Amino acid sequence: MARGRGQSASQGLTWNGWGPAKADQEAHVPEGTGGTPPRTLAEALRTQGDGSLVALLRARPDLLSPVPSDLSQLATRAGTRASVVRALERLDRFTLQTAEALAVATEPAPYDTLRALLTGDEGDPEIEAALPRAVETLRDRALIWGADDRLRLVRTARELLAPSPTHPSPTGLGPTVAEATAGMSPGRLQEILTTAGLPSTHDPVSAVASLTALFTDRTRMAALLDTAPVDALSVLDRLVWGPPYGEVTSSPTPPVQWLRDRGLLLPATTRTVVLPREAALHLRAGRAHRTPEPVAPTVAPRASDASTDARPQVVDNTAAGQAYTALATIEELAKDWNEGGPNVLRAGGLSVRDLKRTATALDVTEPVAAFWVELAFTAGLLAADGEADERYAPTPAYDDWQELPAPQRWARLATAWLTATRTAGLVGGQDSKGRTLAALGPDLDRGAAPEVRRRILDLLATLPEGTAPDPESLLARLRWERPLRGASGTGRHDDLRARLAAWTLNEAEMLGVTGRGALASHARALLGPSEDATRTPGDGAGAPAELAAAGLRAARALAPLLPEPLDHVLLQADLTAVAPGPLLRPLAELLAIAADVESKGGATVYRFTPGSVRRALDAGQSASDLHDFLRNHSRTPVPQPLAYLIDDVARKHGHLRVGAASAYVRCDDEAVLDEILADKRSQGLRLRRLAPTVLAAHADAVTLLDGLRVMGFAPAAESAEGDVMITRAHAHRTPPRTAPAPVPDGPPTPDTALLSAAVKAIRAGDLAATVVHKPVPEPSGSGSAALASAAAASRNGALPRTTSAETLATVQAAAMTGSAVWIGYVNADGAASQRVIAPVRVEGGYVTGYDHTADEVRTYPLHRITGVAELADDPA
């Protein structure tokens, strides 16, 4: 290739914003191959075996909704724009580049032509090795069809991927010479031929062919470019890799004029020129893409890990610690909302204020609090109670979850996170209408989230144990596997998948799926055994039974890593108790009532205060109970200050009695009542003395109790019989609630049984639609009108039409001979269909036989059969 280089000669030629099309393209479906070249997609599908059809329906499950009646309908549905878009979005970058190369090739394209477009004149062993897999993928997904000597990209894909002024190709190529010269005057065409040194022709068609032949002939094209001015070659350099369009002034510069005179720049509009595709391919040395990517980028280890030995045990221990923290955080959240959590906003979700309060209670940031709240909601542990004043609260499932062993509780959380479409990272952002997205609110579902999470964990599993990935290499791999996902309508790459990847890495670390960025061993068990590398990313979530089995495997792997719950604490003289690890549930619950949590971490520090001790007494504990509890569960002696604190609070506890008068206060010590009446803070309670030892109040008993405690007293409530009432926190629960169902990105991957049944139904329907039946002879002379109608139906492919007597006689004969017939049938809803049946019994106005279309034995009323015709060959 002879090309000169020099300074840019852009005078008179400006560059518009047209660039390579974004990867938001769409495609169509292919046909299969066979001995006789197929003419349509349906014919190509008919040459494929059941295994190929199963693979097609598995890769494109949208084709199954509903199950196509025959292969023609399957081919039609596979060529719709929506289905093609979805199919293209699930292609990796090189397979997509292969389809794009076919879109700029002349149809049908031999395999060698396609290879040349991808490898160029120099060749590329990596591309040549990867190309057969890409072609097979496109063929399996019905995006190309035909044998290797006649590859055809389906029409919809070609329309979407081929270059056009309004929809440029990702290859950066422009239109062909024939497309660019459409509408050009014959005289102008002849001028271009003469200037380019080609002989004149007699018509525009031969002129276009001559110019095309020049641009595709490497020797003659090189000779032409050898005569080009250096500035003209500079102009071509600006256009060769796209965009291929440029604007010209009314008086173009000499370099641009030289290119226009020889057809190297052809007019696109009155002020726009374009570089023809054939000329651009010559300048590119035959390559359709500037940078083909036949090999997936490798997920590299993190730089900090590359120079150190991997330590899987450290990773597992770190992840197990995070898993324990995750369980404790969910329990803390449920405890905070135990008596009824925040109100539900009118539009759904938590208010910003409630999210801040929850974050403070959990001692985390607001984004992290949103993650834990969403995770508990996704796992079905929290929900709205559905009351008039709707609030969030734990569900009955939370109580069941609490009774499970810690490893199984973690597995429940991990599997819920892995399959959830709700995306906590979106909280605080805005939707398309500018409204703030709230935690637990609507519009947080993103169908791509499970796919991204699962794929990231699969990629982490490919690294050596204990090795964390380099985030940039991980993102590069995800972009290569799904280049079209996230391509925006503006031509810029939407970063949703990149953000999902970043959120996944952070959430996996918080949940204990990873430790120090590396995948933990129990998370590998959650993913299951190693899967084929060609598995469609995101399809591995599995059925509920498979997911439950994976959760049990992960729980068994995690169990040895979690610490055993302890039955003791260490009491200290500063009124604190240290729990050196997780505590048994009864011990933890009682300690949480009798003391306040001062700090958390590897060891939890509790502090005893007068308020916390009074809280335990209010809950029904006595001073002796508390002394026994501490003595039995402390590995250190009970400090004297703590014993004095308990006795002192207990001595005052219950000294005052509060009942309903509206409310009253009684005390044997009159001086205490005098002190209460003298306190200005009691004025709001509107107290008055009924007796030397009794005060009456207009306030209710609860308000009176709270007021006296604010004043520094320690009253106890009493019943109507005068007994001390033990007050316990009321655990508020929602009615039974199911966990929110994920909102999938598309139809779920069908299971093997459904695919097998669908293929059988499609084959049976195709048999009925394509079966060859005996032509009904033309009636002669005064033949019946029914025979004439049947003959016309036979010729036109419509439903057969025969009289009732002829229908009865034909099906009876078929039942006697065991042959199959072709019938037209109208069901009770008036829907007409054609079927192939093998009658076995005709009686009582019904015909019973094996229906090849439905692949089962059925009975049809004779009066609903429009007509019958014999088959040329018995399909049975």
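Predicted model, so just to flag it, every value in this text is computed and none were measured.
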Backbone of [Y] reached by a side-chain donor or acceptor of [X] within 3.5 Å:
{"X": "T272", "Y": "T269", "result": "no"}
{"X": "R115", "Y": "E128", "result": "no"}
{"X": "T462", "Y": "L459", "result": "yes"}
{"X": "E126", "Y": "P294", "result": "no"}
{"X": "S52", "Y": "Q48", "result": "no"}
{"X": "T181", "Y": "M184", "result": "no"}
{"X": "R302", "Y": "A468", "result": "no"}
{"X": "S473", "Y": "A300", "result": "yes"}
{"X": "R479", "Y": "A498", "result": "no"}
{"X": "T423", "Y": "G425", "result": "no"}

Just wondering, do [Y] and [X] contact through their side chains at under 4.5 Å, heavy atoms?
{"X": "L519", "Y": "L463", "value": "no"}
{"X": "Y111", "Y": "P132", "value": "yes"}
{"X": "T467", "Y": "P464", "value": "yes"}
{"X": "V85", "Y": "R81", "value": "yes"}
{"X": "L114", "Y": "L118", "value": "yes"}
{"X": "W258", "Y": "T227", "value": "yes"}
{"X": "H282", "Y": "L225", "value": "yes"}
{"X": "R150", "Y": "E107", "value": "no"}

Return yes if a side-chain donor-acceptor contact under 3.5 Å exists between [X] and [Y], otherwise no.
{"X": "E509", "Y": "T514", "value": "yes"}
{"X": "T171", "Y": "S169", "value": "yes"}
{"X": "Q190", "Y": "T201", "value": "yes"}
{"X": "D445", "Y": "T421", "value": "yes"}
{"X": "D92", "Y": "T95", "value": "yes"}

Give the minimum heavy-atom separation between [X] and [Y], together with the two atoms involved.
{"X": "V205", "Y": "D203", "value": "N-OD1, 3.1 Å"}
{"X": "E451", "Y": "R497", "value": "OE2-NH1, 3.6 Å"}
{"X": "A213", "Y": "T216", "value": "O-OG1, 3.2 Å"}
{"X": "A42", "Y": "L71", "value": "CB-O, 4.2 Å"}
{"X": "G466", "Y": "A518", "value": "C-CB, 3.6 Å"}

**OP:** Give the C-alpha distance, both sets of side-chain angles, the deciding distance and a yes or no for salt bridge (charged side-chain N to carboxylate O under 4.0 Å, His left out) between E136 and R139.
**Re:** CA-CA 5 Å; E136 198 60 30; R139 184 179 280 129; 3.5 Å; yes

Distance (rounded to the nearest 0.5 Å) between [X] [atom1] and [Y] [atom2]:
{"X": "D431", "Y": "T436", "atom1": "CG", "atom2": "OG1", "answer": "8.0 Å"}
{"X": "E278", "Y": "M221", "atom1": "CD", "atom2": "CE", "answer": "9.5 Å"}
{"X": "L117", "Y": "E100", "atom1": "CG", "atom2": "CD", "answer": "12.0 Å"}
{"X": "L161", "Y": "L102", "atom1": "CG", "atom2": "CG", "answer": "9.5 Å"}
{"X": "L151", "Y": "L138", "atom1": "CG", "atom2": "CG", "answer": "9.5 Å"}
{"X": "L259", "Y": "T253", "atom1": "CG", "atom2": "OG1", "answer": "8.5 Å"}

SB check [X] [Y] (cutoff 4.0 Å):
{"X": "R93", "Y": "E481", "result": "no"}
{"X": "D140", "Y": "R58", "result": "no"}
{"X": "R271", "Y": "E247", "result": "no"}
{"X": "R86", "Y": "E89", "result": "no"}
{"X": "E43", "Y": "R46", "result": "no"}

**OP:** Dump the intermediate steps for side chain to side chain contact (heavy atoms under 4.5 Å, CB included) on R60 and S83, then the final yes or no.
**Re:** CA-CA 8 Å; R60 300 178 63 178; S83 180; 2.7 Å; yes

**OP:** Would you check, one step at a time, whether the test side chain to side chain contact (heavy atoms under 4.5 Å, CB included) holds for L224 with R220?
**Re:** CA-CA 6 Å; L224 176 62; R220 290 195 293 158; over 6 Å; no

Original post:
Which is it for E179 and R277 under the salt bridge (charged side-chain N to carboxylate O under 4.0 Å, His left out) test, yes or no, and what are the steps along the way?
Top reply: CA-CA 10 Å; E179 294 167 346; R277 187 183 308 169; 3.7 Å; yes

**OP:** Please report the C-alpha distance between L173 and L275 in whole Å, then the side-chain angles of each, then the deciding distance to 0.1 Å, and finally whether the side chain to side chain contact (heavy atoms under 4.5 Å, CB included) criterion is met.
**Re:** CA-CA 8 Å; L173 292 169; L275 177 65; over 6 Å; no

Original post:
Step by step, would you call F215 with L264 a side chain to side chain contact (heavy atoms under 4.5 Å, CB included)?
Top reply: CA-CA 9 Å; F215 291 165; L264 292 170; 3.6 Å; yes

